[in-house]
Asks: 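Sending over a structure as structure tokens; questions will come in a sec.
Here is the naming used below: chain letters follow the sequence lines, and residue numbers restart at 1 for every chain.
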Amino acid sequence: MNALSEIKSHFSAALAKLVDDPTQALGMIRPAGDPKFGDYQANCAMPLGKQLGKPPRDIAADLVADVSLDSLCSNVEIAGPGFINLTLSDAWLNNHLAAAIKDDRLGVTATDSPRKYVVDYSSPNVAKPMHVGHIRSTVIGDAIAKVLRFAGHEVITDNHLGDWGTQFGMIIYGYKHFLDSSAFKTEPVKELGRLYKFVRQIMDYHSTKKQLPTTQAELVAAQQKVEQLKALPETGDKKAAKKQKKELNNAISAAKKLTGKIEDAQATLQATETSPSLAKIAAQHAEIGNAALLETAALHAGDETNLALWKQFLPMCRDDIQKIYSRLNIVFDKELGESFYHDQLANVVKDLEAKGFTRESDGAICVFLDNHDAPMIVQKRDGAFLYATTDLATIKYRMENFDTDASLYVVDHRQSEHFNKLFDVADKWGYNETELTHVSFGTVMGKDGKPFKTRSGDTVGLEGLLDEAETRAATIAKENNPDISDDLLAQAAKIVGLGGLKYADLSHARTSDYVFDYDKMLSVRGNSATYLQYGYARVQGIIRKTEADIAAIRQSPVAFEFEQPIERQLAVKLLQFSEAIDEMLVDYRPNILCNYLFETAQLFAKFFDQCSVKDASSDSLRTSRLQLCDLTARTLKTGLSLLGIEVLDKM
RNA sequence: GCCCCCGUAGCUCAGCUGGAUAGAGCAACUGACUUCUAAUCAGUAGGUCGCAGGUUCGAAUCCUGCCGGGGGUGCCA
């Protein structure tokens, strides 16, 4: 039990005497914002004063008198309008530190209400090269799964691969028409990737060409509207004038957007038209979009040729993706891709129909929902199913086979509307006992503030990204440590480079977009993986230099001594590890854990500066400090491992 | 048109369920290596938390309106 929950349990009974439901008041007990206010503070007296019509300071005094905190706190003070400031006693700290140091789990107890989770993350489209966008889902999902497990929950990780979608139709079409067979023989996946991009380009060319006149007409209309609005006489009415101005601004920005769209379209067209060979192919394959869809449809219908190609391609693609996962050290319990659910989709629609949830509209079978203008389409006019259908089948399958308490979908925030609808339909369908959560995350941007792309406009491949991270880390490691051995350098490059990459993703609030920046990511300072890893390595250095017998110390720790304030601060922080984990899991936010680890490492760096272990003034103080060091290192190592990041003994 | 997200220091970002003087890191400037790892630490400077109202003991946080940016929006995933 951590300090926070222990304090809360002490307050609980006293608060229950004042209000029917103390939950809200208990929520107002939290770590102190400033060390001068002690370690924890209870802020509930002010609102309770209002509610009960008594002065808040009186309420605070009553609470303090009623709650027995002697076993926990050395000091309890009422401050300001009625803040209750709590300072943990050294005896309490000592007990818990000693327990933590003896414990493999560092005193973090497993939850007493374990749940069964499916964490659905990564989910790349196979055969399409993975790019930087996939790494966020992969890294965040993996961290959440690991933390849930550490907290005592049962977790099934599932990589819901896109292995049955239209991209296969495109690749099959490409294979049939544009295959470079020698390239396919030597590097099959690379060739498939090329075919995908090639078909995509021709498809984009035709759809853009078809769309362009419409867009141009829209632009003309938009420009006319701008002129019209500009020409409108000024009205005397303030409100009307304001409305006019707003309409004008809207029209101007609409026209601007259309102009941008047209420029993009023209660039797309030019890319194909300037190459005579490409232009020729484009002309020969005017119906490519439709044809690719037909290849997909044929695959789904069990066409022998296409199915054989799919069966040939899929293992190769999966192996290729697996290379990335191996490098990132990510393992899934299940990899039930879209194709796995293929034969269950018709039944999903049938069942929804039977229950009367569906309605036909324009030939498609739809589920209409309150709060949404557009329905969720579960079967297309041409009879094909959609990802919505697959997602519903997946929910059903997981409930029936895993009996989950919760499913987390670690997916891009752009799909939030899809998930809103999906969860609403699932709820109607009867899956309303299970938690369904879209753990959304923002877009990875380039330094220009636009989605991260290469200079040529392609998305950035993941493999090159990992290489770059390692190379840069190696350079930095070499700079700091010119005599480093090759083995150690390679190891450091991997652990620091990939750790930095993961940490950059995890330490940003997942809901916000973030700017991808190698320099910052591998920064040797600041809130970075390197800083935390360095803290760990420094502890190992101390242990080496002092030749301490850590195993013996762990077995029978001595009393902790807090000679300097920083030692106590660090100790309190170390005991808050489990609070950080609890807090992270409230909204599945890895950055909470990152922050905690960063703060811990910061306190350690100060401790390192101020408190010599080797030259401590007494044996007992030296051992006390060694214990703090050991606990710090283990907290950092464990915390980082929950984030999928490793540490080094020497840096 | 409708829906969602965002706007905090020059830059990149934190800020939990409303709490005490809004925080980090980078960049800038000043210091600290005969010392357990300087991949570090100490310090200075930098703010109208987009704007305006409201709710209240208290608002970056909640509500309304406005301004600015992004995303999504019936048969792609």
Asks: Give a yes or no on whether the backbone of A:Glu338 and the side-chain of A:Asp163 come within a donor-acceptor separation of less than 3.5 Å.
Replies: yes

Asks: Does A:Thr511 put a side-chain nitrogen or oxygen below 4.0 Å from OP1 or OP2 of B:C4?
Replies: no

Asks: Once side-chain contact (heavy atoms from CB on, under 4.5 Å) is applied, do any residues pair with A:Ala32, and if so which ones, sequence neighbours excluded?
Replies: A:Phe37, A:Gln41

Asks: Donor-acceptor pairs under 3.5 angstrom involving side-chain atoms of residues 536-547 of chain A: please list them, not counting sequence neighbours.
Replies:
residue	atom	partner	partner atom	Å
A:Thr546	OG1	A:Ile542	O	2.7
A:Thr546	OG1	A:Ile543	O	3.4

Asks: Between the protein and nucleotides 55-59 of chain B, list the N/O to N/O atom pairs that are separated by less than 3.5 angstrom.
Replies:
residue	atom	partner	partner atom	Å
B:C57	OP1	A:Lys50	NZ	2.5
B:C57	OP2	A:Lys50	NZ	3.2

Asks: Check whether any side-chain N or O of A:Lys606 sits under 4.0 Å from OP1 or OP2 of B:U40, and answer yes or no.
Replies: no

Asks: With no angle test and no hydrogens, is the base of B:A77 tied to the side chain of A:Tyr387 by a donor-acceptor pair under 3.5 Å?
Replies: yes

Asks: May I ask you to evaluate whether A:Asn420 reaches the phosphate of B:G72, defined as a side-chain N or O under 4.0 Å from OP1 or OP2?
Replies: no

Asks: Determine: side-chain N/O of A:Tyr531 to OP1/OP2 of B:C26, distance under 4.0 Å, yes or no.
Replies: no

Asks: Please tell me which of the listed nucleotides, B:A14, B:U37, B:G74, lies nearest to the side chain of A:Ser361?
Replies: B:G74

Asks: From the options B:A24, B:C4, B:C76, select the nucleotide whose nearest atom is closest to the side chain of A:Leu386.
Replies: B:C76

Asks: Looking at A:Lys614, does any N or O in its side chain come under 4.0 Å of the phosphate oxygens OP1/OP2 on B:C36?
Replies: yes

Asks: Taking only distance into account, with no hydrogens and no angle test, what donor-acceptor pairs under 3.5 Å do side-chain atoms of residues 370-378 of chain A form with protein atoms, sequence neighbours excluded?
Replies:
none

Asks: Just to verify, what does A:Tyr40 make a side-chain contact (heavy atoms from CB on, under 4.5 Å) with, not counting sequence neighbours?
Replies: A:Ala3, A:Leu4, A:Ile7, A:Pro31, A:Leu86, A:Leu88, A:Gln576, A:Glu579

Asks: Using a strict 4.0 Å threshold on nitrogen-to-oxygen distance, state whether A:Lys606 and A:Asp609 make a salt bridge.
Replies: no

Asks: Looking at the side chain of A:Ile377, which of B:G74, B:A20, B:C76 is the nearest nucleotide?
Replies: B:G74

Asks: Would you write out the dot-bracket form of RNA chain B, 5' to 3', with Watson-Crick and G-U pairs under 3.5 Å, [ ] for crossing pairs, | for pairs to other strands and . for unpaired bases?
Replies: (((((((..((((.....[...)))).(((((.......))))).....(((((..]....))))))))))))....

Asks: Verify ring-ring contact (aromatic ring centres under 6.0 Å, His included) between A:His160 and A:Tyr121, making sure each step is shown before the conclusion.
Replies: CA-CA 7 Å; A:His160 191 74; A:Tyr121 63 97; over 10 Å; no

